[in-house]
Amino acid sequence: MQLTVKNVFVVGLDERNLEILRRTPTGRQCRFHQLLDLDELQAGEVDINALIAKAERILDDFDGSVDAIVGFWDFPVTLLVPILCSSRGLPSASLESFVKCEHKYWSRLLQSEVIDEHPPFALVDLNDENVKPPESPGYPMWLKPVKSASSLLAFRVDDDEGFYDAVAKMREGIDMIGRPFEQILERVDLPPEIASVGGRTCLAEGAMHGVQAAVEGYVYKGEVVVYGSLDSVDYPASPVFLRHQYPSELPDEVVQQMRDVAVKVIRKSGMDNSTFSIEFFYDPVEEGLNLLEVNTRHSQSHAKLFELVDGVPNHERMLRLALGQDPRLPDDMKGEFNVAAEWYYRRFDDGVAVRVPTPEEVAEVEESLHGVSVDEIVPQQGERLSDMAFQDSYSFELAKITIGAEDDTELRAKYERCVEDLKFEFIDDGDDSSDRTVQH
């Protein structure tokens, strides 16, 4: 019996994820089509309405059935998918449920109705010329736009000087995502307290302490299922990620608490027919849990981690949901490794990359270390790190490396070998070629 091939349109499809999608059980019966490319989705301030119109034209002109529309990137992809699916009657969550999660202030208000595991928070009006630090939360706090992506314009603030400096930077840069987000908000029936806030204001949140972790899950026909937990490990004395590791090494009772919180919050949002991921901070000293952020998608960067440990990438569940199928997988599925991690090799000072690893050097690293893939060398040769797009406020990504291992010791050893073998060189001063730093 010949199976019917399904046409799946992927918003922002890239080569790395295309390879992963094709390896999934469901993906083997699918034909994947790019719907808008990453450059037009992520380059500067985007025009949401223009992107939707272009996507609709592509779908209308397609000579065949449009069986599913999916996406696994952050804004604006997450919010384009439900809009495009809705117009064609395809399975997806509602736009409103996604906006409830992605608007940081709205999300915090809803969380406060169903859980206690969240930090104190308050709005900061960037249009107020005499804006002052909110009484609660006190210092230290984080200032974030009510809508951001990839930690863009997120600042830790420890005193008044830091607060006003962050506010100035926020005012200067918030339009890039804030204005497109307001185009999305126009499509949702907002409650007055959210409509008055809009998409270009700021949220202050109490600084959270401890170790970071996350859960991934899905909602299918109203049932919320959490299928995995991961640890997010920071660089020492820094708020930026060193690696995401699967499965989590936190105590079972903490993982269960994260699962319980996730179910309550996702139910409150009204989300259905979608994957999700939720990030947390756990303080092992005070045994306190705090929800950091709700993501209306599974993490594409975790796809290989699940494949290495469970035998199937998390993209599989996304595909099943998009095709109206039950995403539950067999309990006895097993991958080749016991633990896997995605590592972020970073530099904390600006500079010009005068040497980056060659494709041949990358291939040699991958061939010499079983279970290792260098997924991306981020800077181009000759590029100033501060000119790279979508970097956080504190560091610059050099490489993304995925590693599978038998245990934590082997995992770390493989990463250290990668760092040693992937050679970068930088000029610290852009006009002095004699002032070079080498990073191994």
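Taking CD1 of Ile194 as the reference point, atom CG of Leu109 lies at 5.0 Å (rounded to 0.5 Å). For the atom pair OG1 of Thr201 and CD1 of Ile174, the computed distance is 6.5 Å after rounding to the nearest 0.5 Å. Considering CD1 of Ile52 and CD1 of Ile184, their distance stands at 5.5 Å, rounded to 0.5 Å.
When the side chain to side chain donor-acceptor pair (under 3.5 Å) test is applied to Lys54, the partners found at least two apart in sequence or on another chain are Glu40. Checked against ring-ring contact (aromatic ring centres under 6.0 Å, His included), Phe163 has no partners two or more places apart in sequence or in another chain. For Lys268, the salt bridge (Lys or Arg N to Asp or Glu O under 4.0 Å) partners are Glu113, not counting sequence neighbours. The salt bridge (Lys or Arg N to Asp or Glu O under 4.0 Å) check on Glu293 picks up Lys104, with sequence neighbours excluded.
Applying the 6.0 Å contact sphere to CD of Glu15 captures no more than 12 heavy atoms from other residues, nucleotides or ligands. Atom CD of Glu45 has more than 12 heavy atoms from other residues, nucleotides or ligands within 6.0 Å.
With hydrogens and angles disregarded, no donor-acceptor distance shorter than 3.5 Å links the side chain of Ser148 to the backbone of Pro145. Judged by distance alone, the side chain of Arg28 and the main-chain N or O of Arg23 form a donor-acceptor pair under 3.5 Å. Between the side chain of Asp67 and the main chain of Asn7, a donor-acceptor pair closer than 3.5 Å is present. The backbone N or O of Val285 lies less than 3.5 Å from a partner atom in the side chain of Asp283, making a donor-acceptor pair. Remark: the backbone N or O of Asp47 is not paired with any side-chain donor or acceptor of Gln183 at under 3.5 angstrom. Within the 3.5 Å criterion, the main-chain N or O of Pro91 finds no donor-acceptor partner in the side chain of Asn273. Remark: side-chain polar atoms of Asn314 are paired, donor with acceptor, to backbone N or O of Ser299 under 3.5 angstrom.
Annotation for Gly199 and Leu185: closest pair N-CD1, 3.8 Å, computed over non-hydrogen atoms. The two residues Pro180 and Val46 come nearest to each other via the heavy atoms CG-O, 3.2 Å. Between Ala93 and Met271 the shortest heavy-atom distance is CB-CG, 4.1 Å. Contact record, Val339 with Pro247: CA-CD, 4.3 Å, taken as the closest heavy-atom pair. Listed here is the closest heavy atom pair of Thr26 and Gln325: OG1-OE1, 4.3 Å. Closest of all the heavy-atom pairs between Arg156 and Ala207 is NH1-CB, 3.7 Å.
Between Arg347 and Asp349 there is no salt bridge, since no side-chain N of the basic residue sits under 4.0 Å from a carboxylate O of the acidic one. Between Asp260 and Lys264 there is no salt bridge, since no side-chain nitrogen of the basic residue lies less than 4.0 Å from a carboxylate oxygen of the acidic one. Glu316 has a carboxylate O that lies under 4.0 Å from a charged side-chain N of Arg320, or vice versa, which qualifies the two as a salt bridge. Look at Glu102 and Lys147 and you find a salt bridge, because one of the NZ, NE, NH1 or NH2 atoms lies within 4.0 Å of a carboxylate O, short of that distance.
Among residue pairs with one or both ends in residues 313-341, those qualifying as ring pair (Phe, Tyr, Trp, His ring centres under 6.0 Å) are Phe72-His315, His298-His315, Phe337-His370; sequence neighbours excluded. Applying the salt bridge (Lys or Arg N to Asp or Glu O under 4.0 Å) rule to pairs touching residues 238-249 yields nothing, sequence neighbours excluded. Within the structure, every pair that satisfies the salt bridge (Lys or Arg N to Asp or Glu O under 4.0 Å) test and touches residues 192-201, not counting sequence neighbours, is listed here: Asp175-Arg200, Glu182-Arg200. A ring pair (Phe, Tyr, Trp, His ring centres under 6.0 Å) check over residues 192-221, counting only residues at least two apart or in different chains, returns nothing. Applying the ring pair (Phe, Tyr, Trp, His ring centres under 6.0 Å) test to pairs two or more places apart or on separate chains, those with a residue in residues 98-117 are His103-Phe181. Counting only residues at least two apart or on different chains, the salt bridge (Lys or Arg N to Asp or Glu O under 4.0 Å) pairs with a member in residues 76-96 are Glu56-Arg88, Asp60-Arg88, Glu96-Lys100.
Taking the six-membered ring where the residue is Trp, the centroids of His33 and Phe62 are separated by under 6.0 Å.
The shortest side-chain heavy-atom distance between Leu242 and Tyr415 falls under the 4.5 Å cut-off. Counting heavy atoms from C-beta outward, Leu329 and Phe306 have side chains that stay 4.5 Å or more apart.
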**OP:** Carefully, step by step, assess Arg412 and Glu416 under the rule salt bridge (charged side-chain N to carboxylate O under 4.0 Å, His left out).
**Re:** CA-CA 6 Å; Arg412 292 170 182 269; Glu416 289 170 2; over 6 Å; no

Subject >> Test salt bridge (charged side-chain N to carboxylate O under 4.0 Å, His left out) applied to Glu205 and Lys144, step by step >> reply: CA-CA 8 Å; Glu205 297 183 342; Lys144 308 172 182 179; 3.1 Å; yes

Original post:
So Ser248 and Asp231, side-chain hydrogen bond (donor to acceptor under 3.5 Å, both in side chains) or not? Walk me through it.
Top reply: CA-CA 5 Å; Ser248 172; Asp231 293 330; 2.7 Å; yes

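Side-chain contact annotation: Asp74 with Gln42, donor-acceptor N/O pair under 3.5 Å absent. Lys400 and Ser301 share no side-chain donor-acceptor pair at under 3.5 Å. In summary, the side chains of Arg259 and Gln256 do not present any donor paired with an acceptor at a separation below 3.5 Å, with no hydrogens or angles considered.
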Show me, pair by pair, the donor-acceptor contacts under 3.5 angstrom made by side chains of residues 119-132, not counting sequence neighbours?
| from | atom 1 | to | atom 2 | distance (Å) |
| --- | --- | --- | --- | --- |
| Asp125 | OD1 | Asn127 | N | 2.9 |
| Asp128 | OD1 | Asn130 | N | 2.9 |

Donor-acceptor list for residues 223-230 side chains, cut-off 3.5 Å, not counting sequence neighbours:
| from | atom 1 | to | atom 2 | distance (Å) |
| --- | --- | --- | --- | --- |
| Glu223 | OE1 | Arg328 | NH2 | 3.4 |
| Glu223 | OE2 | Arg328 | NH2 | 3.4 |
| Tyr227 | OH | Glu216 | OE1 | 2.9 |

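Tested against Ile266, the residues Ile278, Thr296, Asp272 include a single side-chain contact (heavy atoms from CB on, under 4.5 Å) partner, Ile278.
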